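Okay, structure first, notes after.
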Amino acid sequence: MNKVEISNFNFYYGQTQCLKNISFDITSHQVTSIIGPSGCGKSTFLRCLNRMNDLIPGVRMDGVINIDGQDINAPQLDVVSLRKKIGMVFQKPNPFPKTIFDNVAYGLRINGIKDQDYIDDKVQESLKNAVLWDEVKDRLNSSALALSGGQQQRLCVARALAIAPEIVLMDEPASALDPIATAKLEELIVKLKEKYTIIIVTHNMQQAARISDMTAFFMQGDLVEYKHTKQLFTHPDKKITEDYITGRFG
Amino acid sequence: MKKEKIIEGLFFINGMAVIIVLLGIFALLIINAIPAFKDITLKDFLFGYVWNPEAYTTPSFGILSMVVSTLMVTIGALLIAIPLGIGTAAYLTDVASPKVREIAKPIVEILASIPSVVIGFLGIVLVGPWLAKLTGQSSGLNAINGSILLAVMALPTVISLSEDALGSVPKAYTEASWALGGNKWQTLLMVKIPAAHSGILAACMLGMGRAIGETMTVLMACGNAPAFPHAFTDPVRTMTATVAIELGEVPYNTTHFYALFAVGLVLFVFTFCINLISDLVIHKK
């Protein structure tokens with residue numbers, strides 16, 4: 001089932017065109033990774049899906065992105081409720097300077113939930129889903145900034161999961177983590193696809209190969225190739241894809 | 001080599017001169033304040049609320065009334081300036097378009113350069129009559145008047161430092177909040193202001209320091225009744241106003257003369273503590 005449908009999507013920062021005529025569909029309950037060299041537009045693309053680019057002055061776009069059949073750039077669409085449906089994990093762990101508990105509870109509280117028992121349950125459930133519960137259950141009221149980088153990133157995953165999103169966007173979530181923390185995060189991502197649709201931007205091709213079902217290769221704003229991860233890494237259609245995945249450039 | 005030594009020495013003397021002047025002022029205050037306590041007990045001075053130094057039989061030197069007056073006017077000013085100042089800072093960082101910000105920011109800074117006597121003048125001709133009409137009293141020269149004017153004077157400090165604090169909240173926090181479906185208002189109230197709280201607190205403390213030591217404005221606008229104030233609509237006389245009014249007239253080397261220095265010393269302790277606390281708050285991180 002298609003969760004996200006992108007057709008003829010173009011995106012411009014001022015005069016520069018960053019995304020050129022992108023069209024592809026993303027299936028629900030799968031991990032879709034987006035790979036490509038720096039500056040190819042993969043992060044920009046990801047941020048179009050929850051309209052984070054709205055906040056940057058001087059951007060322009062055309063074409064259509066549908067999520068659950070609904071045009072997310074339609075003028076009558078409420079961007080806040082769109083973002084509640086889509087969780088996002090950023091490149092650098094960015095927990096709020098609050099306690100561990102308050103970080104996870106934030107999304108619930110801004111949605112007007114006041115029932116403390118419900119919040120307690122949700123926080124616990126989200127931390128468990130993010131495989132962080134056992135490490136932090138005794139210190140939920142200490143500052144999130146005291147956690148290690150890997151723990152902080154899993155906390156950010158828990159924070160995103162607490163609002164019960166349908167899609168989770170991840171923008172190079174492991175780039176600031178060491179190998180052990182990365183392995184834990186990858187394990188988590190594979191586990192999460194049972195419940196969520198995951199779209200991950202990554203620099204690391206091995207990572208894409210390990211965790212994703214589908215892979216899209218972006219290059220200078222073009223979608224070069226999009227197919228099953230196994231096929232893309234073993235039998236790429238295009239010469240340039242092969243050059244990139246074999247490390248001839250990038 | 002020799003030339004360099006001379007230059008080095010010159011800078012050293014410059015630096016030292018500032019410190020010596022500061023220490024000198026402090027020493028002068030203490031030396032002149034101590035003799036006052038030959039005739040007044042510390043308890044009567046700090047907790048007596050009658051200040052009547054020229055009384056024929058038994059002069060009294062209680063400063064409690066003016067300490068309370070000073071605190072009333074200052075706290076009143078902060079009650080106005082802090083919400084208004086943080087609100088303005090939030091508007092400038094989060095809501096205003098770049099164009100509006102470019103015009104509004106210099107205007108806020110110009111506000112800081114209005115001489116205090118001009119603000120006091122506004123208190124007499126503008127705020128005073130308006131307050132008198134509003135409260136039905138014969139005169140509008142009272143503690144509220146002083147609070148309003150001091151709030152105006154503290155605002156530039158509160159706004160500009162709070163704006164710096166809010167502006168230096170990492171963008172990553174804002175983005176995280178937006179991505180969770182937070183709107184601008186929630187992001188500001190629940191993420192940005194808590195993240196910037198130490199800077200905002202310092203802004204408020206420095207605004208308070210500015211208000212507590214202000215003399216000319218309160219002298220002109222507060223009515224100067226040396227009685228214990230019971231309400232914000234009472235005329236009050238602050239510590240600064242008392243020193244300014246009386247020091248020019250007082251015979252030298254009398255108890256009254258020394259007592260005024262002691263008032264100055266108390267004021268100095270107040271402002272010193274406020275600055276110390278705000279400094280600690282700023283450098284806490």
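Since the structure is predicted, the reported quantities are computational estimates derived from the model, not experimental observations. We name chains A, B, ... by the order of the sequence lines, and we start the count at 1 in each one.
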Other residues, nucleotides and ligands only: do more than 12 of their heavy atoms fall within 6.0 Å of [atom1] on [X]?
{"X": "Y12(A)", "atom1": "OH", "value": "yes"}
{"X": "M61(A)", "atom1": "CE", "value": "yes"}
{"X": "E109(B)", "atom1": "CD", "value": "yes"}
{"X": "E194(A)", "atom1": "CD", "value": "no"}

Problem set entry | E175(B) versus R47(A), closest heavy-atom pair with distance |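 Heavy atoms of E175(B) and R47(A) come nearest at OE2-NH2, 2.8 Å.
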Seminar exercise, completed: CG of L180(B) to CG of N111(A), rounded to nearest 0.5 Å, is 8.5 Å
For this session: Under 4.5 Å heavy-atom distance to chain A, tell me which part of T174(B) shows up: side chain, backbone, both or neither.
Result: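 Contact with chain A involves no heavy atom of T174(B) at all.
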Problem set entry | Proximal to chain B - members of residues 149-170 of chain A, heavy-atom separation under 4.5 Å |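 Heavy-atom contacts from residues 149-170 of chain A to chain B are R159(A), A160(A), I163(A).
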For this session: Residue by residue, scan residues 86-102 of chain A and write down, ordered by number, those that have a heavy-atom distance under 4.5 Å to chain B; if none do, write 'none'.
Result: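 Those residues of residues 86-102 of chain A which have a heavy atom under 4.5 Å from chain B are I86(A), M88(A), F90(A), N94(A), P95(A), F96(A), P97(A), K98(A).
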For this session: Hey, could you give me each pair passing side-chain hydrogen bond (donor to acceptor under 3.5 Å, both in side chains) that has a residue in residues 92-102 of chain B? Not counting sequence neighbours.
Result: D94(B)-K192(B)
Problem set entry | Verdict with reasoning, W178(B) to D54(A), per side-chain contact (heavy atoms from CB on, under 4.5 Å) | CA-CA 11 Å; W178(B) 279 330; D54(A) 284 18; over 6 Å; no
For this session: Count the heavy-atom pairs under 4.5 Å between each of A172(B), P98(B), A176(B), G182(B) and chain A, then report the option with the highest count.
Result: A176(B)
Problem set entry | For chain A, the option from A195(B), G181(B), P170(B) that forms the most heavy-atom pairs under 4.5 Å | G181(B)
For this session: Keeping to residues at least two apart or across chains, list the ring-ring contact (aromatic ring centres under 6.0 Å, His included) pairs with something in residues 41-66 of chain A.
Result: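 Every ring-ring contact (aromatic ring centres under 6.0 Å, His included) pair that includes a residue of residues 41-66 of chain A, provided the two are not neighbours, is F24(A)-F45(A), F45(A)-F218(A).
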